[in-house]
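Okay, structure first, notes after.
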Amino acid sequence: MIAVVVRRAGRVAVLLLAVASFVQPPPLRAQTVVCFFGDSITEGWMDAQRRPDRAFPAIVDSMFMTDGIAVDVITAGAAGETTVDALQRIDRDVLAHRPDVVVFAFGSNDYFVRGIPPRPRVPVDRFRNNCRAAFRKILGSGARIIVLPPPPVLAQRFYLLFDQAMYTPSGGVEALRSAYARALSDVASEFFDVVFVTVDAALAADSTLLGFDGVHPQPAGHVLIAQALRQPIASAIAA
């Protein structure tokens, strides 16, 4: 009887060891993960060309390398997307990477006007709700958030490509852009671990920092954005 008990115990022990060999804990990460989540500006579109190597996520990455800070940068930008699209892919493209910090940069496509009667693609109230929902998901994962609002618009360039009359009911494209930036700032202020960063004044002061469409920053504009993000991201990493 004793021999039987011993053999059974041995068989159980082998089974447990086999199970343990398959159920491994997730590997520890050697560095911080920063995810840049946004639209075509995040993706690096400049004057109808995609140039991710000169966009602000790549520049921030280079800055941290210079500072000796180990950061794994994930760029999750997608041209043409609104906050509706952001919510549809946030789990796959952002949370799946288990980020420590997320730079949230949406809005330019949300306020874009189209249709009959003309209206923004995403009404401002829905925009607020979408941002709020995204922030809750990100914060719920344990990550911190840095918010980058849509950049200012050079209306004279923008109206060469898009019908000015579509924006007149809203007071013009820049007035509409500002309304969405304020909405984003208001939502950010509702949360403790959300930091709002803006470079509006710097970008608006020099017309060479924005491209032919009056919306997408040029490489020098991306440098300004990266410089503005550098310290907030570093602080979020250290927190």
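Note that this is a predicted model, so its numbers are computed, not measured.
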Is the closest side-chain heavy-atom distance between [X] and [Y] below 4.5 Å?
X      : Y      : result
Asp186 : Glu190 : no
Pro151 : Val199 : no
Tyr111 : Val122 : no
Pro120 : Asp110 : no
Leu160 : Phe212 : no

Nearest 0.5 angstrom please: [X] [atom1] to [Y] [atom2], how far?
X      : Y      : atom1 : atom2 : answer
Ile225 : Gln227 : CD1   : CD    : 10.5 Å
Asp93  : Asp85  : CG    : CG    : 11.0 Å
Phe192 : Leu139 : CZ    : CG    : 11.0 Å
His216 : Leu209 : NE2   : CG    : 15.0 Å
Arg51  : Glu43  : CZ    : CD    : 14.5 Å
Leu95  : Ile90  : CG    : CD1   : 5.0 Å

For this session: For atom CZ of Arg126, decide whether the heavy atoms of other residues, nucleotides or ligands shown that lie under 6.0 angstrom number more than 12.
Result: no
For this session: Could you tell me whether Arg114 atom CZ has more than 12 heavy atoms of other residues or ligands within 6.0 Å of it?
Result: no
For this session: Could you list the residues that satisfy side-chain contact (heavy atoms from CB on, under 4.5 Å) with Glu174, not counting sequence neighbours?
Result: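 Once residues adjacent in sequence are excluded, the partners of Glu174 under the side-chain contact (heavy atoms from CB on, under 4.5 Å) criterion are Pro152, Val153, Arg177, Ser178.
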Exercise. Who pairs with Arg144 by side-chain contact (heavy atoms from CB on, under 4.5 Å), at least two apart in sequence or on another chain?
Worked result: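 Only Asp193, Ala236, Ala239 meet the side-chain contact (heavy atoms from CB on, under 4.5 Å) criterion with Arg144.
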For this session: Dump the intermediate steps for side chain to side chain contact (heavy atoms under 4.5 Å, CB included) on Phe191 and Ile145, then the final yes or no.
Result: CA-CA 10 Å; Phe191 299 88; Ile145 303 173; over 6 Å; no
When you measure from the side chain of [X] to the backbone N and O of [Y], does any donor-acceptor pair fall under 3.5 Å?
X      : Y      : result
Arg157 : Ser207 : yes
His222 : Ala55  : no
Asp72  : Gln31  : no
Arg128 : Pro123 : no
Arg132 : Val187 : no
Thr75  : Gly77  : no

For this session: Test Asp100 against Ile237 for side chain to side chain contact (heavy atoms under 4.5 Å, CB included), laying out the working first.
Result: CA-CA 7 Å; Asp100 299 286; Ile237 292 172; over 6 Å; no
Return the minimal non-hydrogen interatomic distance between [X] and [Y], and the atom names on each side.
X      : Y      : answer
Leu184 : Leu148 : CD2-O, 4.3 Å
Ala79  : Trp45  : CB-NE1, 3.8 Å
Ala58  : Pro52  : CB-O, 3.4 Å
Cys131 : Phe104 : SG-CE2, 4.0 Å
Ala105 : Thr42  : CB-OG1, 3.7 Å
Val197 : Pro149 : O-CD, 2.9 Å

Exercise. Can you name the one residue among Leu210, Val215, Asp213 that meets side chain to side chain contact (heavy atoms under 4.5 Å, CB included) with Phe158?
Worked result: Val215
Group every Ile, Leu, Val, Met, Phe, Trp and Tyr by side-chain heavy-atom contacts under 4.5 Å, then state whether [X] and [Y] land in the same group.
X      : Y      : value
Met46  : Val223 : no
Ile233 : Val194 : no
Ile74  : Val101 : no
Phe162 : Leu176 : yes
Phe36  : Phe196 : no

Under 3.5 Å, is there a donor on one side chain and an acceptor on the other for [X] and [Y]?
X      : Y      : value
Asn109 : Thr82  : no
Ser235 : Gln231 : yes
Asp47  : Gln218 : yes

For this session: List in chain and number order the residues that pass ring-ring contact (aromatic ring centres under 6.0 Å, His included) with Tyr159, two or more places apart in sequence or in another chain; answer none if no residue qualifies.
Result: none
Exercise. Thinking salt bridges, do Arg230 and Asp67 make one under a 4.0 Å N-O criterion?
Worked result: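 A salt bridge is present here (some side-chain N lies under 4.0 Å from a carboxylate O).
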For this session: Quick one: sort the Phe127 and Tyr180 rings into parallel, tilted or perpendicular, breaks at 30° and 60°.
Result: tilted
